[in-house]
Amino acid sequence: MARLAQTAGLTDVQQEIVSTVRDFVDKEIIPVATELEHRDEYPQQIVDGLKELGLFGLMIPEEYGGLGESLLTYALCVEEIARGWMSVSGIINTHFIVAYMLMQHGTQEQKDHFLPRMAAGDIRGAFSMSEPALGSDVSAISSKAVRDGDEYVLTGQKMWLTNGGTSSLVAVLVRSDEGHPEGTAPHKSMTTFLVEKEPGFGEVRPGLTIPGKIEKMGYKGVDTTELIMDGLRVPADRVLGGVTGRGFYQMMDGVEVGRVNVAARGCGVAQRAFELGVSYAQQRHTFGKPIAQHQAIQFKLAEMATKVEAAHAMMVNAARKKDSGQRNDLEAGMAKYLASEYCKEVVEDAFRIHGGYGFSKEYEIERLYREAPMLLIGEGTAEIQKMIIGRRLLEEYRFQG
């Protein structure tokens, strides 16, 4: 086990789970990740392996067939997976957020119906909040749900669905004005619907179309898609929690733990970048000695390692805070902000250490260099995190004069 990013106070079970995932990453992900990424190929064999390990049910309670583990255990596993290939951690993340929202907010019937199959990996989850013109302004959602007897009719266009094609269950946030008079605050008139569909592209059920994969500079392999609803009929019993108007709060709860996940991904990518940089620095010779012996490179390695450690510590703190049942939006925002920014910086430093070879697709660092930017915007940009952090600090340190 590497010296960096160790986590104190883990149980024997947690250590065994994380060690097993790390071994899987070293043997099954790292050797094939760059090749699959360059082909933009969905890593089906890797996903099947994660399913066998039980990772799709890692946090789902044992009563539903899951392992019943903590957010911390999950985050440490995500860190390891992202160290191998960040796209794979994205496949797990969206599934986990939907399962978490079901566990926290679903009706008993919804939990009984979905969670056992999600724990087994037979149902894969995706969640849909963003829209083409939306950005970070969730209150501006324009997709709508209109009640029609025992069903709702959904219309609108959603954007940036990770697992949009391969998923079979999508948690979709739309505006629902039923029971909410005109003038109601936007966030109080939103509802989350649990939409079941067939995996694939095109019309995946009547009224629901997944047009195809969005081409991206990085974060390849995993499918990122649009979702178009045109008269999509959803039974009323597929309103998450059974009551309309709570969707915004349900989604924000899911995104909060998603931010811990993004922080963990940033930690994992940064760790891998450091490993590549420190290894290459000891192999590459200039002026008669390995470049690792040049003070300039040693300084760079020292800065990279410190950033890896700091990001990991903040991520662990945010996960433990959530596991304790306490509010953790401040810690999650800080962890996501720091880990994603440090990830970008560590990857760039490793890229610089590689020199011209870092620009070659033959070297793994080239892939990491294209992947890191996604973490700067996923689950909220740095600016959004700063707004969350700033508001929470003003609540905690309110002036008493």
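Computed from a predicted model, the values in this text were never measured in an experiment.
A donor-acceptor pair under 3.5 Å is absent between the side-chain atoms of Lys336 and the main chain of Ala263, judged by distance alone. When atom types are taken as modelled, the side chain of Asp223 and the backbone of Lys213 share no donor-acceptor pair closer than 3.5 angstrom. Counting only distance, with no hydrogens or angles, the side chain of Gln385 and the backbone of Gly380 share a donor-acceptor pair below 3.5 Å. Not one N or O on the side chain of Asn163 forms a donor-acceptor pair closer than 3.5 Å with the backbone of Thr94. One N or O on the side chain of Glu309 and one on the backbone of Ala5 form a donor-acceptor pair closer than 3.5 Å. Side chain of Asp40 to main chain of Lys220: no donor-acceptor pair is present (N/O by atom type, distance under 3.5 Å, no hydrogens or angles). Without hydrogens or angle criteria, Gln250 side chain to Leu240 main chain gives a donor-acceptor distance under 3.5 Å. The backbone N or O of Arg117 lies less than 3.5 Å from no partner atom in the side chain of Asp122, so there is not a single donor-acceptor pair. Distance alone, capped at 3.5 Å, places no donor-acceptor pair between the Glu379 side chain and the Val257 backbone. Checking side-chain atoms of Gln293 against main-chain N and O of Pro290 turns up no donor-acceptor pair under 3.5 Å.
Residues Met103 and Pro61 meet the side-chain proximity criterion, which asks for heavy atoms closer than 4.5 Å. Side chains of Ile97 and Asn261 form no contact here, defined as non-hydrogen atoms less than 4.5 Å apart. For the pair Tyr152/Arg147, a side-chain contact is recorded, criterion being any heavy-atom separation below 4.5 Å from C-beta on. The shortest distance between side-chain heavy atoms of Leu71 and Tyr100 does not fall below 4.5 Å. Side-chain contact check for Lys144 versus Thr155: every heavy-atom pair is 4.5 Å or farther apart. Residues Ile92 and Phe56 have side chains in contact (heavy-atom distance under 4.5 Å, counting atoms from C-beta outward). Proximity of Arg265 to Val78: side-chain heavy atoms (C-beta onward) are separated by under 4.5 Å at one or more points. In this structure the side chain of Asn93 reaches within 4.5 angstrom of the side chain of Tyr74, judged on heavy atoms.
Taking CD1 of Ile214 as the reference point, atom OG1 of Thr225 lies at 6.5 Å (rounded to 0.5 Å). Between Ser87 atom OG and Met374 atom CE the span is 8.0 Å, to the nearest 0.5 Å. Phe248 CZ to Thr191 OG1: the interatomic distance, rounded to the nearest 0.5 Å, is 13.0 Å. Note that CG of Leu232 is 11.0 Å distant from OG of Ser143, once rounded to the nearest 0.5 Å. One finds the OG1 atom of Thr73 at 8.5 Å from the CE atom of Met59 (value rounded to the nearest 0.5 Å).
Taking the charged nitrogens against the carboxylate oxygens, Lys322 and Asp253 do have a contact shorter than 4.0 Å, which makes a salt bridge. Note on Arg370 versus Glu366: salt bridge recorded, some NZ/NE/NH1/NH2 to OD/OE distance being below 4.0 Å. In this structure, Lys300 does not pair ionically with Glu303, as no charged nitrogen and carboxylate oxygen lie closer than 4.0 Å. Electrostatic pairing of Glu395 and Arg391 does not count as a salt bridge here, judged by no charged N lying under 4.0 Å from a carboxylate O. The existence of a salt bridge linking Glu331 and Lys321 is confirmed by a sub-4.0 Å separation between a basic side-chain nitrogen and an acidic carboxylate oxygen. Salt bridge annotation for Arg83-Asp26: present, with a cationic side-chain nitrogen under 4.0 angstrom from a carboxylate oxygen. Residues Arg259 and Glu256 are not paired through a salt bridge, judged by the lack of any N-O separation under 4.0 Å between the basic side chain and the carboxylate. The residues Arg272 and Glu79 are annotated as not salt-bridged, no charged nitrogen and carboxylate oxygen being separated by less than 4.0 angstrom. Between Glu80 and Arg22 a salt bridge is recorded (basic side-chain N to carboxylate O distance below 4.0 Å). A salt bridge links Arg238 with Glu196: the closest approach of a Lys/Arg side-chain nitrogen to an acidic carboxylate oxygen falls below 4.0 angstrom.
By the 6.0 Å contact criterion, NZ on Lys51 is enclosed, its count of non-hydrogen atoms from other residues, nucleotides or ligands being greater than 12. The number of heavy-atom neighbours closer than 6.0 Å to CZ of Arg205, taken from other residues, nucleotides and ligands shown, is above 12. The 12-atom threshold is exceeded at NZ of Lys216, counting heavy atoms of other residues, nucleotides or ligands nearer than 6.0 Å. Residue-environment remark: CZ (Arg398) stays at or below the threshold of 12 foreign heavy atoms within 6.0 Å. Heavy-atom contacts from other residues, nucleotides or ligands closer than 6.0 Å to CD of Gln104 number more than 12.
Residues Ala99 and Leu115 share a closest heavy-atom pair of O-CD2, 4.0 Å. Closest approach of Ala350 to Ile365, counting heavy atoms only: CB-CD1, 3.6 Å. When all heavy atoms of Thr192 and Ala171 are compared, the closest pair comes out as CG2-CB, 4.0 Å. Heavy-atom minimum distance, Phe274 versus Ala305: CE1-CB, 3.8 Å. Nearest heavy atoms, Ala75 versus Val260: CB-CG1, 4.1 Å.
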Please test Val32 against Gln45 for side-chain contact (heavy atoms from CB on, under 4.5 Å), starting from the C-alpha separation and ending with a verdict. CA-CA 11 Å; Val32 300; Gln45 188 171 342; over 6 Å; no

Please determine whether side-chain contact (heavy atoms from CB on, under 4.5 Å) holds for the pair Val278 and Met304, giving the CA-CA distance in whole Å, both sets of side-chain angles, and the decisive distance to 0.1 Å. CA-CA 10 Å; Val278 75; Met304 293 162 67; over 6 Å; no

Apply side-chain contact (heavy atoms from CB on, under 4.5 Å) to Gln14 and Ser70, showing your working. CA-CA 9 Å; Gln14 287 176 312; Ser70 64; 3.5 Å; yes

Go through the steps for Gln108 and Asp112 under the test side-chain contact (heavy atoms from CB on, under 4.5 Å), then give the verdict. CA-CA 6 Å; Gln108 192 59 54; Asp112 292 340; 3.0 Å; yes

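Between the side chains of Thr166 and Arg124, no donor-acceptor pair of N or O atoms lies under 3.5 Å. Looking at Ser167 and His95, their side chains never bring a donor and an acceptor atom within 3.5 Å of each other. A donor-acceptor contact under 3.5 angstrom links the side chains of Gln326 and Ser324, judged on distance only. Side-chain polar atoms of Ser279 and Gln283 form a donor-acceptor pair below 3.5 angstrom.
Ring pair Tyr280/Tyr363 is perpendicular by interplanar angle, where above 60° counts as perpendicular and below 30° as parallel.
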